[in-house]
Amino acid sequence: MQKKYVYLFSEGNATMRELLGGKGANLAEMTHIGLPVPQGFTVTTEACTQYYEDGRKINDDIQAQIMEYIDKMESITGKKFGDKNNPLLVSVRSGARASMPGMMDTILNLGLNEEVVEVMSEMSGNPRWAWDCYRRFIQMYSDVVMEVGKKYFEELIDKMKAEKGVTQDVDLTADDLKTLAGQFKAEYKSKIGQDFPSDPKEQLMGAVEAVFRSWDNPRANVYRRDNDIPYSWGTAVNVQMMAFGNMGDDCGTGVAFTRDPATGEPGLMGEFLTNAQGEDVVAGVRTPMPIAEMADKFPEAFKQFNEVCATLEDHYRDMQDMEFTVEHGKLFMLQTRNGKRTAKAALKIACDLVDEGMIDKKQAVAMIDPRNLDTLLHPQFDTKALKAATPMGKGLGASPGAACGRAVFTAEDADAWNARGEKVVLVRLETSPEDITGMKASQGILTVRGGMTSHAAVVARGMGTCCVSGCGDIIMDEANKKFTLGGKTFHEGDYISIDGSTGNIYDGIIPTVDAEIAGEFGRIMAWADEFRTLKVRTNADTPADAKKARELGAEGIGLCRTEHMFFEAERIAAFREMICADTVEEREAALAKILPYQQGDFEKLYEALEGNPVCIRFLDPPLHEFVPTEEADIAALAKAQGKTVEDIKNIISSLHEFNPMMGHRGCRLAVTYPEIAKMQTAAVIRAAINVKKAHPDWNIVPEIMIPLTGEVKEMKYVKDVVVATADAEIAAAGADLKYEVGTMMEIPRACLTADEIATEAEFFCFGTNDLTQMTFGFSRDDAGKFLTAYYDKKIYENDPFAKLDQNGVGKLMKMAVKLGKETRPNIHCGICGEHGGDPVSVEFCHNIGLDYVSCSPFRVPIARLAAAQAAIKASK
Ligand code: PEP
Ligand code: MG
């Protein structure tokens, strides 16, 4: 049977998102619930994947199906494609499963040509409208289908406005627009070398192809990588009959949210423009009016729109983001979707929906994107400093958070400055999808034009980057990289601070402070904790980090990298003496100097954790990382050791390794120098005994973790050293202390022989940084150099060091857990590589039966929420 690639809106529904994309599925759903939707059809995501399979060609079968559905649209609407007297004009819009900025968005008024526009102009008695439609169509088609570039057309419009002495597009007359259409076509011909297409079918296939093509543009690829959207999904295309918002002052177009997407406050929030078409509102070309003003302009349509909003919220049980058009006072719905929102709004909306009885706690927990929480955990302006500061200007608070950095004026500069380690605020007239990487590289974004739904605002909110938009007081000179505000001129590199909640803009630096978990955040987190089974620990080496992580809900330390404790001045000297020692006695003498520091550090960690588990990993990095490089330090070490500078230099060069990450590190250090493990064991056990003495009610069970095990005999060797030392310490203190000795699982061989390793190891903790490195066989430090080529060639879709490679590394983990449990059924297993704070990887960890994930302090809430969502999903 022939595959069906096209569906009328009346044939689909909301559950068909995979096939019809989000926009298509919701247009179908709105059609079914009887809302006023201009009718049309959706070309499926499968048609897009087929397009790529066919070598970027829309095959004859798909083309024929599209044209068959144009016929169906013609019968539904009573209009005809390309007909002079009663033309069917359509919009063509992309619509992937998940909404994706960066892809081609919309082409309006498709189906127009010189003949049709002439007749339409005459018959409607509204030539201005007809020519406005045509010039818009040429402009959009040239830009998005043929990639001519917007700026040529904008320059022509600006020139025309200057000649006519007007400032707004709406002030241009029918004749002006007709002239512009002619100029646009000439521009098209000069750039493309062919006449602008007049055949509606050719226009339509060109537009559909442009949507498919945009699925693979660099901006879309970056967005997909950041948002876990697989390339294989493809995008759908929606072809919909036009409703016209540009037919006069009784027409208009708008975008609205059923609740405030920045704060979550209930109540309609949006923007509206009269006598305009869709793109005008989001493009920020004209500054729109607040939606409430629609009540006066179009009372009937506004009343109906409010009812539609209530119906949609009730139907989808979530805040909706809608686009609509009013044509001669009549409302048409063009789109609805669950609205993108700030983290703050996401939490408030979820809690409010529970309180309103619309959803239950599980649904509330499941509806929040864990990655979004990041923004809430990031610094805000210090209140005192903020009070003392006077804003020099104000725009719209488009995406909350505080940003402070040096002004840059192009996305490329933002990238370049960021690469040099500078914090920057990107200042632009307005942003466009090309700016996406520069926006990501910025602490904040400030735009002169555009409302709350402008590109800058929407994208910044999605990225969780602070944004102030639409500050019209800025006098911008992008060409010379400067702007003037509040009487002062700012050049590239000058510091500014912006507040994405209030929209305030400040001269200079305002210090920031950390955020805290309270209010709705606390409520959602408490609900998440009810549902999750996976524990969440933190990777922390200092009591301050541990304290922060505890505040954010960490239930223990999953990884304390002890080597980070050796770098302070007095300690590093003793450590270097240890490295350069000739005999065991010399080494022990140096280690004895380090022991009290190490014990003190551990005591502070046990204090901070108040009886929750603390897993301490023994020395891991290759020793050459600790040796001095400066002549003065080498001389000082020589003196302390009673050696010559020459001797020390020889020792240092003897530590050189060709492949240090696969060299003398991890448990191999303890095999060579067991006295290091002895010292570390003594420090752990003494610290635990001391803290337990002060807090007898705390359940302190030290977890000692051996790094980089690959063979059970080496594990046993090191464990025996640890056990002998620990038991002797406990006996000497007359204490009663239990402890555990386990291992990092970060070498493929350890996973493959996990049943053997588990005969010795009492716990496993997957070090997926090294495990990824060793499984792929490429360096965790250098892979960045070639991964981009792998992304470009679609060999990898993600950085395997950020997102767990479930097929390979994950398979090893799964196998290791299974084998480990066969030997030791109660073995506890965790993960402490970077993946422990990545939501998708956390879900995988839940599914393979790990007991905990451990991540950096600020990712603890993200992991808690992700763990809850994994449990909810698995229970379904
Ligand atoms: C790991 O390898 O995943 C790990 C946590 O250890 P480190 O990053 O210190 O090598
Ligand atoms: Mg490691």
Side-chain angles (χ1 to χ4, degrees), residues 22-23 26 98-101 223 226-229 254-271 281-282 290-291 309-310 312-323 335-356 358-359 363-378 380 396-401 439 444-445 450-469 499-503 515 517 519-525 527-528 839 861-862 865-866 869:
K23 199 174 286 170
N26 286 336
S99 96
M100 268 186 51
Y223 186 85
D226 287 354
N227 291 277
D228 304 328
I229 300 174
V255 218
F257 297 88
T258 52
R259 295 171 196 241
D260 188 326
T263 63
E265 284 302 325
L268 200 56
M269 196 240 142
E271 285 159 340
V281 182
V282 276
I291 194 90
C309 290
L312 285 174
E313 262 217 357
D314 200 47
H315 190 74
Y316 286 101
R317 308 266 151 168
D318 197 355
M319 182 266 267
Q320 294 299 295
D321 165 4
M322 301 149 301
E323 282 182 31
Q335 171 177 325
T336 194
R337 61 182 173 197
N338 294 342
K340 284 208 189 308
R341 61 205 74 181
T342 63
K344 188 172 164 212
L347 297 172
K348 173 149 179 61
I349 290 169
C351 289
D352 284 356
L353 289 175
V354 170
D355 295 341
E356 290 163 25
M358 297 259 269
I359 57 173
Q363 287 166 313
V365 166
M367 77 192 285
I368 290 163
D369 181 351
R371 291 166 309 176
N372 228 349
L373 295 183
D374 223 14
T375 50
L376 289 180
L377 305 164
H378 285 292
Q380 302 284 325
L396 301 170
S399 180
M439 291 169 78
I445 296 147
M452 292 292 281
T453 47
S454 64
H455 177 267
V458 171
V459 173
R461 272 202 295 275
M463 297 193 304
T465 301
C466 157
C467 174
V468 173
S469 69
D499 186 329
S501 304
T502 59
I517 294 193
E520 277 115 10
F521 197 171
R523 256 183 110 189
I524 293 280
M525 281 297 138
W527 295 340
I862 298 173
L865 186 57
Q869 292 181 349

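Fair warning: this is a prediction, and the values are worked out from it, not measured in the lab.
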Give a yes or no on whether K23 atom NZ has more than 12 heavy-atom contacts from other residues, nucleotides or ligands under 6.0 Å away.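 More than 12 within 6.0 Å, yes.
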Value rounded to 0.5 Å, distance of [atom1] in [X] from [atom2] in [Y]:
| X | Y | atom1 | atom2 | result |
| --- | --- | --- | --- | --- |
| D369 | Q869 | CG | CD | 7.5 Å |
| F257 | R337 | CZ | CZ | 7.5 Å |
| L347 | R523 | CG | CZ | 11.0 Å |
| C351 | I359 | SG | CD1 | 8.5 Å |
| I349 | R259 | CD1 | CZ | 6.5 Å |

Can you give me the closest heavy-atom contact between [X] and [Y], atom names plus distance?
| X | Y | result |
| --- | --- | --- |
| A364 | V354 | CB-CG2, 3.6 Å |
| K340 | S99 | NZ-OG, 3.4 Å |
| P839 | I862 | CG-CG2, 3.9 Å |
| P266 | K348 | CD-CE, 4.4 Å |
| G401 | C466 | O-SG, 3.4 Å |
| M269 | I291 | C-CG2, 4.2 Å |

So do the side chains of [X] and [Y] get within less than 4.5 Å of each other, counting heavy atoms only?
| X | Y | result |
| --- | --- | --- |
| T258 | M322 | yes |
| H315 | T336 | no |
| P261 | D321 | no |
| R371 | N227 | yes |
| I368 | L865 | yes |
| N26 | Q320 | no |
| L376 | E520 | no |
| D499 | Q380 | no |

Can you sort out the partners of E265 under salt bridge (charged side-chain N to carboxylate O under 4.0 Å, His left out), two or more places apart, ordered by chain and number?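 Expected list: none.
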Whether R341 and D318 form a salt bridge (side-chain N of Lys/Arg under 4.0 Å from carboxylate O of Asp/Glu) is what I want to check.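 Answer for the salt bridge query: yes.
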Ignoring hydrogens and geometry, is there a side-chain-to-backbone donor-acceptor pair from R317 to M358 under 3.5 Å?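 Yes; at least one donor-acceptor contact below 3.5 Å.
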Starting from the C-alpha separation in whole Å, work towards a yes-or-no answer on side chain to side chain contact (heavy atoms under 4.5 Å, CB included) for Q363 and L353. CA-CA 10 Å; Q363 287 166 313; L353 289 175; over 6 Å; no
Start with the C-alpha gap between M525 and L373, add the side-chain angles, then the distance that decides, and say whether side chain to side chain contact (heavy atoms under 4.5 Å, CB included) holds. CA-CA 11 Å; M525 281 297 138; L373 295 183; 3.4 Å; yes
